[in-house]
Amino acid sequence: GNSVTQMEGPVTLSEEAFLTINCTYTATGYPSLFWYVQYPGEGLQLLLKATKADDKGSNKGFEATYRKETTSFHLEKGSVQVSDSAVYFCALRDNAGNMLTFGGGTRLMVKP
Amino acid sequence: NAGVMQNPRHLVRRRGQEARLRCSPMKGHSHVYWYRQLPEEGLKFMVYLQKENIIDESGMPKERFSAEFPKEGPSILRIQQVVRGDSAAYFCASSPGTIFDSPLHFGNGTRLTVT
């Protein structure tokens, strides 16, 4: 079956530091890949997506590249802000197009 | 264009009572998904519905849990005879179809507390 593995948190960084959150996946075929962000007390918001190999998704300074050869979709940001503090979820949706399969989430804490 | 609407935002039930969680998908979306998030954990798929049909309920506990998405009105997730272990955040998501590169859109969740 499908699965997504994320690095465990919490990840604690100082403002303006470089962020990487690792995500690897297992799926049949060629899934679409997503990053969602969850702020405290809220639902999940789509952050970015990539639908085929070597695609780069980007939004709000965040980027992730679909790497088929390493089955990875690592999230990066060059300079984090305090307002980026949240939980980040990596997810995939396979060719059957049914549900999203989520990783366990990574909590990011950014200190001033 | 309103997003996915869930209500109530918070629900408190005593052990043995019933909990009803409602979800109205985004306008134009006919596919609804329910997920459960236990404290400090990720989201676990429960059930996927289209209007008047349950498509995939592989993540739903076999007892006490049921879901429906009637022709008219919101989708309902029903938990009978709640126990403390049911305390969690329940999220609903919707999509316009099964196009695999389209994201799911999530509501803000219902936080169920069983006392």
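In the text below, chain A, chain B and the rest are named by the order of the sequence lines, each starting its count at 1. Below, each value reflects all heavy atoms present in this structure, side chains not excepted, and no hydrogens, waters or symmetry copies.
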Legend entry - Heavy-atom closest contact (B:Gly42 atom, A:Phe89 atom, distance): CA-CE2, 3.7 Å
Inset, instruction - Could you look at A:Gln38 and say if it's the side chain, the backbone, both or neither that has a heavy atom under 4.5 Å from chain B? - result: side chain
Legend entry - Heavy-atom pair with the smallest gap, counting every atom of B:Arg111 and A:Gly41: NH2-C, 3.4 Å
Legend entry - Shared hydrophobic cluster, A:Met109 / A:Val37 (ILVMFWY, side-chain heavy atoms < 4.5 Å): no
Inset, instruction - Could you tell me whether the side chain of B:Asn108 and the main chain of A:Glu42 form a donor-acceptor pair under 3.5 Å? - result: no
Inset, instruction - Tell me, yes or no, whether the heavy-atom count around A:Lys111 atom NZ, taken from other residues, nucleotides or ligands under 6.0 Å, exceeds 12. - result: no
Inset, instruction - Find out if a path of hydrophobic residues (ILVMFWY) with successive side-chain heavy-atom gaps under 4.5 Å connects A:Leu44 to B:Val32. - result: no
Legend entry - Top contributor to chain B contacts, counting heavy-atom pairs under 4.5 Å, from A:Leu46, A:Leu100, A:Val87: A:Leu100
Legend entry - Heavy-atom contact with chain A under 4.5 Å, split by part of B:Gln6: neither
Legend entry - Within the 6.0 Å centroid threshold, strictly below: B:Tyr35 and A:Phe102: yes
Inset, instruction - May I ask whether B:Phe65 and B:Phe91 are part of the same hydrophobic cluster, defined by side-chain heavy atoms of I, L, V, M, F, W, Y residues being less than 4.5 angstrom apart, directly or through others? - result: no
Legend entry - Pairwise side-chain contact, B:Ser95 with A:Arg93, heavy-atom cut-off 4.5 Å (strictly under): yes
Inset, instruction - Kindly check if the number of other-residue, nucleotide or ligand heavy atoms within 6.0 Å of CE (B:Met5) is above 12? - result: no
Legend entry - Joint hydrophobic cluster, B:Phe106 plus B:Leu38, side-chain heavy atoms closer than 4.5 Å: no
Legend entry - Separation between CE of A:Met99 and CG of B:Leu104, rounded to the nearest 0.5 Å: 10.5 Å
Inset, instruction - Would you give the length of the straight line joining atom OG1 of A:Thr101 to atom CG of B:Leu43, rounded to the nearest 0.5 angstrom? - result: 11.5 Å
Inset, instruction - Please answer: with hydrophobic residues joined when any side-chain heavy atoms are less than 4.5 Å apart, are B:Met46 and B:Ile76 in the same cluster? - result: no
